[in-house]
Amino acid sequence: MRSVAFPDSRMGLHRTDTVSVGGLRLVAGGGGLVVGRNRQQEPVGLRVFRPEPTQLMLVGGVRSAQLIAFRAIALGARLFIQTGREREWDGFLRRCVIGREIATFLPPGSSPPTPANPTEPQLVVVDTGPVTGPNPGLSTPWRATLVVRDDLAGWDSTALVRSDIVLLQRLTAAEAGMAASALGLVSVQSWFTQLHPEMVGLITRGKVQWVMLSVTPTERQLMGSVARGDA
């Protein structure tokens, strides 16, 4: 076997005994994609990359979609973008210095050329306007599909119901009525119209959480405001 030279560490070389090593706990992969913080200031994470396909829907705007994409890339995901506003997404990729080996544009209706896997999961952003249902070609393990809608219309009800995860930024009264009816959340319908501009209603398994997106200074510098309509 050929020996491999490891680079020198500024920390130097440290030795320990097997008992101490046995007491170490390594934790990986449990946090998922961090959406933001809840009212108790606790981080809220989503396990979007898993052995089954995941469907997400965001009603808000392109900036909040880019924020989610940026955070997914930080987890090691490949990004594929189907969009009718390629210039805006290309500007985002350039500001973030994200190369084409990490993020690729796809024609609407097409699928990534390579399969997703546990070590290289995929996020497909579908930012093409009204979507009546999921593209079966996108539904594979370790791939998450994010449908982006600037405005919510009646034909989006099916996509809302079929989504595993729904993120809603502040809605109009009419939008709130449609979303609450489709998702069975009539009791909190009025809350959707009163959200902070950088807050989302996060719906999973019929339950809603109110989550601040908690944009970091670096994210703010790259994307600006993620409030709905500020693109």
Side-chain angles (χ1 to χ4, degrees), residues 32-36 44-50 52-72 77 79-85 88-89 106 108-109 111-112 116 121-140 142-172 174-186 188-189 191-193 195 197-211 213 226-229 231:
L33 177 69
V34 176
V35 177
V44 177
L46 295 174
R47 188 166 172 255
V48 297
F49 303 117
R50 49 189 185 160
E52 57 269 3
T54 304
Q55 180 83 12
L56 302 93
M57 185 169 184
L58 166 68
V59 179
V62 67
R63 291 283 176 82
S64 46
Q66 290 170 349
L67 177 67
I68 293 171
F70 184 76
R71 293 175 177 178
L79 175 63
F80 295 91
I81 307 165
Q82 299 178 0
T83 183
R85 41 188 171 190
E88 192 150 359
W89 278 95
L106 290 176
S111 301
Q122 297 174 355
L123 175 67
V124 180
V125 175
V126 181
D127 179 29
T128 55
V131 176
T132 56
N135 179 354
L138 296 178
S139 298
T140 68
W142 304 106
R143 179 181 294 158
T145 304
L146 173 65
V147 173
V148 182
R149 297 287 287 118
D150 288 344
D151 304 294
L152 188 64
W155 52 71
D156 295 314
S157 296
T158 300
L160 279 174
V161 172
R162 290 180 175 175
S163 296
D164 302 298
I165 300 164
V166 175
L167 301 102
L168 304 174
Q169 290 190 268
R170 183 192 293 169
L171 303 179
T172 65
E175 290 173 328
M178 286 185 287
S181 177
L183 298 170
L185 296 170
V186 176
V188 295
Q189 176 177 325
W191 288 42
F192 292 125
T193 66
L195 295 178
E198 294 193 353
M199 176 180 280
V200 295
L202 173 63
I203 297 98
T204 54
R205 298 179 181 177
K207 297 180 179 179
V208 61
Q209 299 182 69
W210 312 107
V211 182
L213 292 172
V226 296
R228 186 180 183 189

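Atoms considered below: every heavy atom in the structure, side chains included; atoms not considered: hydrogens, waters and symmetry mates.
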Would you say the side-chain atoms of [X] pair up with the backbone N or O of [Y], donor to acceptor, closer than 3.5 Å?
| X | Y | answer |
| --- | --- | --- |
| Arg143 | Gln122 | no |
| Ser181 | Met178 | no |
| Arg50 | Ala144 | no |
| Ser157 | Ala182 | no |

How long is the gap from [atom1] on [X] to [atom2] on [Y], to the nearest 0.5 Å?
| X | Y | atom1 | atom2 | answer |
| --- | --- | --- | --- | --- |
| Leu167 | Thr204 | CG | OG1 | 9.5 Å |
| Leu160 | Ile203 | CG | CD1 | 8.5 Å |
| Leu58 | Leu168 | CG | CG | 8.0 Å |
| Leu183 | Gln189 | CG | CD | 11.0 Å |
| Arg47 | Asp164 | CZ | CG | 12.0 Å |
| Gln55 | Leu146 | CD | CG | 9.0 Å |

Flag yes if more than 12 heavy atoms outside Trp210 fall under 6.0 Å of its CH2 atom; otherwise flag no.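 More than 12 heavy atoms, drawn from other residues, nucleotides or ligands, come within 6.0 Å of this atom.
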
Report the residues that fulfil side-chain hydrogen bond (donor to acceptor under 3.5 Å, both in side chains) with [X], sequence neighbours left out, ordered by chain and then residue number.
| X | result |
| --- | --- |
| Ser163 | none |
| Thr172 | Glu175 |
| Arg71 | Glu219 |

Are the side chains of [X] and [Y] in touch, meaning some heavy atoms are under 4.5 Å apart?
| X | Y | answer |
| --- | --- | --- |
| Trp191 | Val208 | no |
| Leu213 | Val200 | yes |
| Val59 | Leu171 | yes |

Closest heavy-atom pair and its distance - [X], [Y]:
| X | Y | answer |
| --- | --- | --- |
| Ala69 | Leu123 | CA-CD2, 3.8 Å |
| Ala72 | Leu33 | N-CD1, 3.6 Å |
| Met57 | Asp156 | CE-CB, 3.8 Å |
| Trp142 | Ala116 | O-CB, 3.3 Å |
| Pro112 | Val124 | CG-CG2, 3.8 Å |
| Gly60 | Arg228 | O-CG, 3.0 Å |

Of the options Arg85, Glu88, Gln66, Arg149, which is the one that meets Asp127 in a side chain to side chain contact (heavy atoms under 4.5 Å, CB included)?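 One option only clears the test, and that one is Arg85.
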
Passing candidate, side chain to side chain contact (heavy atoms under 4.5 Å, CB included) with Gln82, options Val147, Val148, Val126: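 Considering Val147, Val148, Val126, a side chain to side chain contact (heavy atoms under 4.5 Å, CB included) with Gln82 is found only for Val126.
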
Set out, in order, the CA-CA distance, both residues' side-chain angles and the distance that settles side chain to side chain contact (heavy atoms under 4.5 Å, CB included) for Leu202 and Ile165, then state yes or no. CA-CA 7 Å; Leu202 173 63; Ile165 300 164; 3.7 Å; yes

